[in-house]
Amino acid sequence: MEKKTKAFELQQLALQSTKQLYEAYTTSSDGLTASEAKARLESFGMNIVAAQNPIPAWKIWLNALKDPFVIVLLLLAFVSVITNDYEAALVMSLMVICSVSISFYQEYASQKTSINLREMIENTAAVIRDGQQQEIPMDEVVPGDIVKLHTGDMIPADGVLLTSNDLFINQSSLTGESLPVEKMPLIENNQDAFSKKSAVDLPNLLFMGTDVLSGQGLILILKTGQATFFGDIAQSATGSKADTAFEVGLKKVSALLLKMIAILFPVVFVLNVFTKHDVSNAFFFAIAVAVGLTPEMLPMIVNSNLAKGAQRLAKEKVIVKKLSAIQNLGAMDILCTDKTGTITEDRVVLMHYVDPFGNENEAVLNYAYLNSKYQTGWRNLMDVAVLDYFSREKKQLPFENISKIDEIPFDFSRRRLSVALSIADEKVMITKGAVEEMAEVCDSVLINGEKIALTPELIEQMKAVNVKMNQDGMRVITVAQKSIQSDTINISDEKELTILGFIGFLDPAKASAITAISSLQAHGVTVKVLTGDNAIVAQKVCVDVGINAEHYLLGTDIDQMSDAALTDQAERVHLFAKLNPMQKERVIKLLKQNGHTVGFMGDGINDAPSLRTADVGISVDTAADITKDASTIILLEKSLEVLEVGVQEGRRVFVNMMKYIKITLSSNFGNVFSILIASAFLPFLPMLSMQLLVQNLIYDVAQLAIPWDNVDPEEIEKPVTWNMKNLVHFTVLIGPVSSIFDVLTFIILYFGFHYNTVASQGAFQSGWFAVGLITQTLALHILRTKKLPFIKSRASLPVFITTGGVFIAGGLLSMTSLGHFFDLTHLPVNYWLIFPFIIIGYLIVLQVAKRIYQKSA
Ligand SMILES: Nc1ncnc2c1ncn2[C@@H]1O[C@H](COP(=O)(O)OP(=O)(O)OP(=O)(O)O)[C@@H](O)[C@H]1O
Ligand SMILES: [Mg+2]
């Protein structure tokens with residue numbers, strides 16, 4: 001309903017004249033004043049949608065309270081109060097406070113980290129205020145602002161178009177339609193046609209969440225933030241990126257555990273009712289068992305691991321926009337990258353301006369300069385290089401009276417850029433672009449001021465000039481021109497052009513790319529180059545940085561291949577040249593489908609679709625807004641070296657998270673057996689619900705240190721991926737080891753110490769409490785590494801500290817009167833003499849089981 005009214009309101013506004021709108025919004029073509037803008041920001045609020053708002057602290061507290069562990073504790077506390085056991089109630093309340101505080105803190109801190117990181121990469125909008133154009137953070141745009149739009153910009157908020165120039169918008173986030181839509185302002189003679197259209201189809205309405213594919217425009221902002229059309233759908237749009245393989249695996253594990261709990265709960269309950277004839281105790285015991293099996297720490301450990309990793313990466317100038325991207329970074333086994341700025345220097349330099357035969361020619365430079373200077377689309381490295389050269393060499397144009405008539409912006413399928421100028425009253429169209437695409441639209445060449453029709457010989461001669469330049473690693477662009485009559489130009493005018501000559505840019509391989517690429521390859525990441533440039537230049541650069549580019553595929557080649565054929569080729573080929581944005585994306589999609597975790601690194605607006613499709617989209621801070629928006633990782637310095645560091649960190653995070661999951665899953669699996677056996681045979685509960693919960697809490701706190709743990713270098717040598725089969729195998733093999741020693745403990749306590757009556761249950765429970773706590777904690781040290789624990793691989797100090805904490809807590813509870821709160825009793829000295837042997841026996845068997853697992857995995 002609300003969406004409808006929003007649309008309706010926008011529609012009504014869109015049909016008003018500019019003058020009416022200026023009045024309604026008390027603004028003008030000079031924009032708002034700074035003070036007015038400030039006042040509006042205060043009354044309308046920041047230009048952000050609710051989905052981007054941080055979760056308020058009270059909600060995080062509430063979420064922490066919703067934890068099953070906490071609920072059971074509260075329930076037990078409540079029962080304790082009813083049964084007048086105030087001591088127990090007090091203890092349980094303390095535990096609740098402790099647990100809730102920890103999870104609140106973790107959750108709050110990871111949210112803060114991710115907000116801080118996001119703030120480091122800011123999108124800006126070009127607003128006109130006080131008659132001046134200025135860049136302001138996009139979230140400070142207010143209704144009434146006038147905003148200038150260019151190729152590659154995101155539309156900052158909902159607005160109405162005032163003027164436009166070949167403006168094409170991608171509205172797919174709103175409509176799902178991926179074809180570009182042309183937008184134009186309302187003028188007298190299109191009013192009728194406009195009034196019949198729905199809001200999204202109105203050519204003069206632009207919406208937040210969409211972006212400029214090409215052209216320019218000027219818009220008046222009507223609605224900002226949550227009031228925008230996008231406001232309501234942002235939630236689903238931002239959350240739409242598919243789960244990472246890790247997240248999928250995590251969900252499977254959680255589902256598995258839930259199933260285990262669902263089956264176990266009734267079984268444990270019924271068994272204990274029959275054997276102990278105490279319904280309420282049996283019920284609470286079953287609940288405590290269920291709580292013990294719930295991996296309540298899982299989200300917390302995962303989040304704090306990721307936040308920790310993101311902070312470390314930020315120090316390396318790698319900004320992670322979405323925390324879960326770190327998992328994919330660690331799992332990535334193919335990195336696709338564009339060429340310019342990634343494996344070549346970030347600066348392209350103009351080196352040559354030559355006529356069709358390769359002789360230096362000032363006219364070629366002058367025309368190239370005019371083209372770059374008067375185009376207003378996205379200015380890329382090559383345009384910058386032309387302008388730089390001109391000013392650095394203090395060149396002067398030999399003409400006067402230049403005015404601009406029109407332009408056709410660059411796009412990645414034409415690979416050309418045209419401007420129409422009037423030079424001393426003569427109208428010319430100047431076009432520059434990729435050699436192959438220019439050849440299609442030129443029919444003559446200018447040689448010594450003379451226009452000569454193209455002949456096969458001439459074409460051969462020019463090709464030789466190009467190839468020579470390409471082989472030297474130079475990218476070449478053709479410059480051409482023709483006289484025109486009309487005052488507008490469009491794509492169909494790009495024909496019958498006369499070639500003036502070529503400009504050559506030096507785009508040399510980066511020295512640092514060589515080491516970075518070999519190191520990535522050594523660590524199991526294959527690097528592939530996906531470029532829009534031609535094959536000869538790209539091949540040269542690939543050879544320079546150590547990428548095997550003997551075989552390559554062109555955009556035109558892959559268009560003729562079936563998905564299956566291309567998948568097969570894409571596995572083997574490392575260089576793809578002359579690709580348009582859609583072709584780049586297709587290669588990535590197919591590699592992904594073939595089971596790889598694929599990263600893509602690019603900085604152009606042509607890279608946005610690929611960045612979105614890749615498992616990890618990597619871009620740079622200087623890239624266009626839509627490019628940054630499509631990426632999950634932003635490098636503050638564009639270099640493959642920091643990426644290498646990022647990959648290592650991603651793997652480290654992955655390994656640490658996996659540790660927790662493996663250990664938790666296997667120890668839970670083992671506990672299931674122990675509890676079933678104890679439930680069936682003992683005349684009393686093997687442990688009180690309270691004791692189970694305390695044990696659980698202590699153990700959980702100990703695991704909080706895992707994100708700070710060391711990782712063996714061998715474990716991050718290769719990409720790390722989720723492997724469900726190995727995980728199940730590990731669980732089934734390792735889990736029962738603890739059951740064996742639990743049962744051994746039961747036997748010792750029951751038969752050796754004769755704790756076999758309800759009256760002596762306290763001692764029995766205390767005995768198992770100590771064994772369970774210590775074995776689970778030490779298991780962490782054995783299972784955290786593939787190597788010999790303590791000697792060949794040592795945990796980090798924080799892990800040792802928390803482990804020590806468990807020992808102290810366990811000792812205090814077992815040996816001092818503190819344990820009485822939980823009905824734990826002192827055990828005879830004899831038991832403590834046997835205790836170390838149980839523990840050591842367990843550790844040895846566990847180490848052996850781990851070895852067996854490794855041999856078989
Ligand atoms: N501003 C421009 N004017 C004319 N032609 C251009 C311009 N920008 C790019 N081209 C042509 O289009 C081709 C493809 O563009 P570009 O090199 O930016 O693609 P890409 O896929 O991003 O490649 P890269 O891997 O080098 O970044 C260029 O090789 C060049 O021939
Ligand atoms: Mg590029």
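Along the sequence shown, residues carry numbers from 1. As the structure lists them, so they are numbered: ligands from 1, and atoms in each ligand from 1.
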Looking at [X] and [Y], does any basic side-chain N land under 4.0 Å from a carboxylate oxygen?
X: Glu362; Y: Lys395; value: yes
X: Lys427; Y: Asp487; value: yes
X: Lys317; Y: Asp621; value: no
X: Asp563; Y: Arg586; value: yes

Where on [X] is there a heavy atom closer than 4.0 Å to ligand 1, on the side chain, on the backbone, on both, or on neither?
X: Asp507; value: neither
X: Glu437; value: neither
X: Asn606; value: side chain
X: Arg416; value: neither
X: Thr531; value: both
X: Asn380; value: side chain
X: Gln375; value: neither

Of all the N, O or S atoms in Asp338, which one sits nearest to the Mg ion (ligand 2)?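 Output for this pair reads OD2.
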Return the closest protein heavy atom for atom 17 (O) of ligand 1 as residue, atom name and distance. Arg475 NH2, 2.9 Å
Protein contact to atom 1 (N) of ligand 1 [nearest heavy atom, distance to 0.1 Å]: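 I find the closest protein heavy atom is Asp383 OD2, 2.7 Å.
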Side chain of [X], backbone of [Y]: donor and acceptor closer than 3.5 Å?
X: Arg475; Y: Val537; result: no
X: Ser486; Y: Thr488; result: yes
X: Asn359; Y: Asp355; result: no

Closer than 4.0 Å to some heavy atom of [X] - which atoms of ligand 1 meet that?
X: Asp338; value: 25 (O), 27 (O)
X: Thr340; value: 24 (P), 25 (O), 26 (O), 27 (O)
X: Phe412; value: 15 (O), 18 (O), 19 (O)
X: Lys584; value: 20 (P), 21 (O), 22 (O)
X: Lys432; value: 1 (N), 2 (C), 3 (N), 4 (C)

Among the heavy atoms of Gly604, does any lie under 4.0 Å from an atom of ligand 1? no
So, regarding Gly532 and ligand 1 (criterion: nitrogen or oxygen to nitrogen or oxygen, under 3.5 Å), is there a contact or not?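 Yes, at least one N or O pair falls under 3.5 Å.
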Asp603 versus ligand 1: do any nitrogen or oxygen atoms come within less than 3.5 Å of each other? no
Given Val318 and Leu643, is the side-chain contact (heavy atoms from CB on, under 4.5 Å) satisfied, shown in steps? CA-CA 8 Å; Val318 177; Leu643 198 61; 5.9 Å; no
Side chain to side chain donor-acceptor pair (under 3.5 Å) for Asp615 and Thr597? Distances and angles first, verdict last. CA-CA 6 Å; Asp615 293 303; Thr597 305; 4.6 Å; no
In terms of ring plane angle, is the pair Phe390 and Tyr369 parallel, tilted or perpendicular, where the classes change at 30° and 60°? parallel
